[in-house]
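Note on naming: letters A, B, ... go to the chains in the order of the sequence lines (proteins, then strands), and numbering restarts at 1 for each one.
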There are 2 protein chains.
Amino acid sequence: MFSIGELSRRTKVKVPTIRYYETVGLLTAPERTEGNQRRYDRAGLQRLSFIRHARDLGFSIEAISSLIELQDHPDRSCQAATDIAAAQLSDVRAKIRRLRALEKELLRITKGCDGEGVSEDCYVLTSLADHELCEREH
Amino acid sequence: MFSIGELSRRTKVKVPTIRYYETVGLLTAPERTEGNQRRYDRAGLQRLSFIRHARDLGFSIEAISSLIELQDHPDRSCQAATDIAAAQLSDVRAKIRRLRALEKELLRITKGCDGEGVSEDCYVLTSLADHELCEREH
DNA sequence: CATAGTATCTATAGCGACTAGAGGTTCAAG
DNA sequence: CTTGAACCTCTAGTCGCTATAGATACTATG
């Protein structure tokens, strides 16, 4: 049996976050000691590790809730779980596309200031002020 | 002179967002009509366009505040502005790196479920449950 | 000029996923 | 048995909005 601090150390999830997960229903309320302190077992540790891992991969709390529910109903869970993961993947890819566009634009803006010429007007500032100067939509 | 709705239409920034920008100090409080409604001039429009553009590029409210302040003090503002933009760029790049790692991992996880073999255990779920299965840190 | 319908006003609360703090209780070591 | 770390609950704050409620103002038509 682990205390909440011990669980925190093992999963690298902060103590208040563990309690937060309990309030939102991601973790089921564990046993308590006489003195009202939480005591977790191995199953609790595994569940929190699962959550931690999924959060690291950017899954929302809601998506993780769904995944956990699927774990408890193993019949035809695989397709549903794969769907959730695939949605997450396409979400990640959309974010990458967007960030790459931003990267390009920011590179252009910051490069404009370099080196030669009198910089009466700061290129960064004028670029931001005038959308017409952009090479692409964003 | 534009009403807040007119300004919203021209900048594509929603009306409550414009008011929000005013409360946090990004926009200076504009003139008011007799009946207490906001009326913006061309300068207000330009400032909001600047903000919109910077937000689109992912600059935080705080960073935009700094940039606006720099606009008002043109002496040696360029270096400072470029620094802010460069910080933003490296932030964007860090996010891209991280998302690419996630993409790879998610791809691996979702692919594992495909096709052949009896799927007694869902690969998505077991992958998330066991960090050891990951190919890289994330 | 009256009225209808839209736009605007303020103030407050909610979103997601935590994080920080106050003020109090319990546990484990010496 | 005492100390001090860890724990408890509760509330509020973070960021950048977004939504709602209830009241007031503007504008177009009859």
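Residues R39(A) and S3(A) are in side-chain contact: their nearest non-hydrogen atoms beyond the backbone lie under 4.5 Å apart. Between I18(A) and Y21(A), every side-chain heavy-atom pair lies at or beyond the 4.5 Å cut-off. For the pair R32(B)/Q37(B), no side-chain contact is recorded, criterion being any heavy-atom separation below 4.5 Å from C-beta on. At least one side-chain heavy atom of R55(B) sits less than 4.5 Å from a side-chain heavy atom of I61(B). Side-chain contact check for F59(A) versus L106(B): some heavy-atom pair is nearer than 4.5 Å.
At a threshold of 4.0 angstrom between heavy atoms, the contacts of F59(B) with the nucleic acid are absent. Residue R32(B) is in sugar-phosphate contact alone, with no base atom involved, counting any heavy-atom pair closer than 4.0 Å across all strands shown. Across all strands shown, R9(A) has no heavy atoms under 4.0 Å from either base or sugar-phosphate atoms. R38(B) comes within 4.0 angstrom of the backbone, heavy atoms only, and of no base.
With hydrogens and angles disregarded, a donor-acceptor distance shorter than 3.5 Å links the side chain of S49(A) to the backbone of L45(A). Distance alone, capped at 3.5 Å, places no donor-acceptor pair between the Q71(B) side chain and the L125(A) backbone.
Listed here is the closest heavy atom pair of I109(B) and Y123(B): O-CD2, 3.4 Å.
Listed by first and then second residue, the side chain to side chain donor-acceptor pair (under 3.5 Å) pairs involving residues 57-66 of chain B amount to none (not counting sequence neighbours).
With distances taken from any side-chain atom of Y20(A) to the nucleotides dC18(C), dC27(C), dC9(C), the minimum falls on dC18(C). Proximity note for S60(A) (side chain, C-beta onward) versus dA17(C), dT19(C), dT8(C): the nearest is dA17(C).
Bracketed by its first and final contacts, the part of DNA chain D lying under 4.0 Å from non-hydrogen atoms of chain B reaches from dG16(D) to dC26(D) in 5' to 3' order.
Projected onto DNA chain D by closest heavy-atom contact, E62(B) and G35(B) fall at different nucleotides, the more 5' of which corresponds to E62(B). Ranked by how close their nearest DNA chain D nucleotide is to the 5' end, I61(B) and Q37(B) are led by I61(B).
Within residues 84-91 of chain A, no residue places a heavy atom under 4.0 Å from DNA chain D.
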